[in-house]
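Letters A, B, ... are given to chains in the order of the sequence lines, protein chains preceding strands, and every chain is numbered from 1.
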2 protein chains.
Amino acid sequence: MNEIGLRRRATVHDVARAAGVSLATVDRVLNGRPGVRAATVEKVEAAIAEIGFQRDLGASLLARSRDLRLTFVIPDGSNEFMASLADAVTRRAGPALSDRVHIETLRIRALDADALAQSLDNLDPRHCDCAIIVASEEPSVQAAVDAASKRGVVVMTLVSDLPGTQRRHFIGIDNVAAGRTAASLMGRFLPQGGKVAVIAGSLHLRDHSDRLAGFKAGLAAEFPSLELIGPVEGHDERSETQAIIGGLLAQHPDLAGLYNLGAGNGGLVSALESSSRSGAIRVIAHELTEPTRRGLKSGAIDIVLDQNPDGEIREAIAAARMLALGGNSATTTDPIEIGIFLRDNLR
Amino acid sequence: MNEIGLRRRATVHDVARAAGVSLATVDRVLNGRPGVRAATVEKVEAAIAEIGFQRDLGASLLARSRDLRLTFVIPDGSNEFMASLADAVTRRAGPALSDRVHIETLRIRALDADALAQSLDNLDPRHCDCAIIVASEEPSVQAAVDAASKRGVVVMTLVSDLPGTQRRHFIGIDNVAAGRTAASLMGRFLPQGGKVAVIAGSLHLRDHSDRLAGFKAGLAAEFPSLELIGPVEGHDERSETQAIIGGLLAQHPDLAGLYNLGAGNGGLVSALESSSRSGAIRVIAHELTEPTRRGLKSGAIDIVLDQNPDGEIREAIAAARMLALGGNSATTTDPIEIGIFLRDNLR
DNA sequence: TAAGTCATGAGGCACGTACCTCATGGACGG
DNA sequence: CCGTCCATGAGGTACGTGCCTCATGACTTA
């Protein structure tokens, strides 16, 4: 019943025929089982390359008769972005299930390195193929990532990276570039120069320290007339951030700009709006969430730099599927882009 | 061999048991085949909802023993964005194949409605499940879309929509919002007012006419001190656009802003750079391509509004898969976002 | 009442891969 | 020359779904 001229896609049978070996041998090679001479392995691999065989992912998962099991580990607490990240996971879980991808979510206390390390330690490769974590850069976490990898649980980082470990992939924006972009916008907003304060969540978070580095570099290179104040750490908490902003406003009556490279934006907006200086200070924040939307609309915030949580979750799942088939995820996943939002292009 | 407490996912067998019918009946319901009483259909659907059955997409495509066949119809010519769209299709074709999605690309002459209509007419539902087209809003195209739908080829629109036809889905940005965003940025760039020229490709393209509408509305609502010149149609061609810009520059020595809502950006940049007024005029263009990157870097262009071609192709494929399973694509696809690029956040 | 129509059941084969068992034949050491 | 190990072949079953045929029993219509 095949249409003429419409070639069937290659199967393991075709590989076996092309390599001049049996199905069993092809299977052993494909799934990395022992008992095949090196020369034979090469023959099979050559045949695969020659006829362009691609393993059928659906049939493969079907035959294994089990889903790909992913565990997302996401910080809990008042951080709205993390909440929207978790929501995105929930939204994707349903559709993913019909692709045989089973997703679980773990929420752990924000900025609690030991809690993160421990939940990684608890992951059993028999129940979890891949863990996707929002990492913080602390020794206990790094050790736990390497240990999990050694046990056979693939680890990927999300939003905040953990270079120098066994993590197989990072999904998130280029945070140095994000910081540079913030500097570039801030510099254009303040051609006359002035004081710019920087608030971070925690410099143990790689995304925050990268943004800071990019922002500093951007200011130094292009806008030396801006004077940087801080960074101050608000631990991504609403009330703590609000207190810090209040203090900065009181301490610097001539404050011209504010860059919050962490979370806690509810506190940022509240502090600005209750200060009578909202709109007079150029404000750049991160992540499009309820408080930053409110800030954009009221004029308290000028620009929001955003990473699309839905896109990140989608790419994480896609990367995990690729890894599960022994492929290289890096070659096929799309980079996550830095979104720039002002009042007029709110989505 | 199932882990204790790890429930197996529901299958058609479970549905049959739960509904008290046979496998054959479940199958008839699932695949919309006739010969089932309405009451029985309801019983089955209730059972599906109750036990949370989700069809196994992989097994389904496997059993059908054929790939999902998609045909992308993309304009040819000097339009760099369309080229990058076609590239994105090519990039996705490989990975998609391992999900049993077979992709073909047709390039047709840009702005040639009859060529587009004819390639739609040529699509045979036995060789193509779904066509994804960059539409232009002309009667012959509209008729061809409806005819193809009637023949059994699902049609989706990409980049430029075709409302009022049988097209099942549109994938692209909200172009009215894009125009409004351009207006908002332009207005902020030119607080002292002035002349702003608008260049389009063709107002038969829905995306262009939508952008124009959004831009006009945005200026009228917020920046009445800006005087709009045009639109002039450059037909998305490099040389024609270059000539038009040259003419505008000569005719309006006091030109303050330029919004090219179409393609032909190579001509835009060339005209500006050879005019000695590059950098003195605020310029907003669309689509991140080689010429617009060059323009951003040289300062000839201030802002580029972008739709991510890779993201669009990804969503198109995802939507087609959903439609193929009888689902409603609109509920599961992510909206495409308007990217805003300046020199500093080039990707 | 006989013939026909219709909803449903029962069961089987196919899809491409994973994974299992068993057979076979060659190489090698003693 | 015999026993052992090892690479490989042969062939089966299973996974969940699609699609086919055939049988059966209920109901309609002439």
* If you check every side-chain atom of A:Ala63, which of C:dT8, D:dA10, D:dC15 has the closest atom? -> D:dC15
Do any side-chain nitrogens or oxygens of [X] fall under 4.0 Å of OP1 or OP2 in [N]?
X       : N      : value
B:Thr11 : D:dG16 : no
A:Arg33 : C:dC19 : yes
B:Arg64 : C:dC15 : no
B:Ser65 : C:dC15 : no
B:Ser60 : D:dG16 : no
B:Arg37 : C:dC6  : no

* Asked: Which of residues 46-54 of chain B sit near DNA chain C, with a heavy atom under 4.0 Å from it?
  -> none
Please check if the side chain of [X] supplies one atom and the backbone of [Y] the other of a donor-acceptor pair under 3.5 Å.
X        : Y        : result
B:Ser60  : B:Asp56  : no
A:Asp27  : A:Leu23  : no
B:Asp146 : B:Gln166 : yes
B:Asp14  : B:Thr11  : yes

Whole-Å distance between [N] [atom2] and [X] [atom1]?
X       : N      : atom1 : atom2 : result
B:Glu42 : C:dT8  : CD    : C1'   : 17 Å
A:Asp27 : D:dT8  : CG    : P     : 14 Å
A:Asn31 : C:dC20 : CG    : C1'   : 13 Å
A:His13 : D:dG9  : NE2   : C1'   : 14 Å
A:Leu61 : C:dC19 : CG    : P     : 11 Å
A:Leu57 : C:dC15 : CG    : P     : 20 Å
B:Arg17 : C:dG9  : CZ    : P     : 14 Å
A:Arg28 : C:dC20 : CZ    : P     : 12 Å

* Structure fact -> Of B:Ser22 and A:Ala24, the one whose closest nucleotide on DNA chain C sits nearer the 5' end is B:Ser22
* 5'-most contact on DNA chain C: A:Leu23 or B:Leu23, nearest heavy atom basis? -> B:Leu23
* Using a 4.5 Å cut-off on heavy atoms from C-beta on, say whether the side chain of A:Val36 contacts that of A:Val21. => no
* To do: Using a 4.5 Å cut-off on heavy atoms from C-beta on, say whether the side chain of A:Ile48 contacts that of A:Val26.
  => no
* Asked: Taking it one step at a time, do B:Ile103 and B:Ile317 satisfy side-chain contact (heavy atoms from CB on, under 4.5 Å)?
  -> CA-CA 9 Å; B:Ile103 295 178; B:Ile317 295 171; 3.6 Å; yes
* Starting at the 5' end of DNA chain D and moving along, which residue's nearest nucleotide shows up first, A:Leu62 or A:Val21? -> A:Val21
* Mind checking B:Asp56 for me? I need base, sugar-phosphate or nothing, with any heavy atom below 4.0 Å counting as a touch. => sugar-phosphate
* Any donor-acceptor pair under 3.5 Å between the side chain of A:Arg9 and the base of C:dG16? -> no
* **Any donor-acceptor N/O pair under 3.5 Å between D:dG18 base and B:Arg55 side chain** => no
* To do: Under the side-chain contact (heavy atoms from CB on, under 4.5 Å) rule, what do A:Ile173 and A:Glu337 come out as? Steps first, then yes or no, please.
  => CA-CA 6 Å; A:Ile173 60 174; A:Glu337 290 178 16; over 6 Å; no
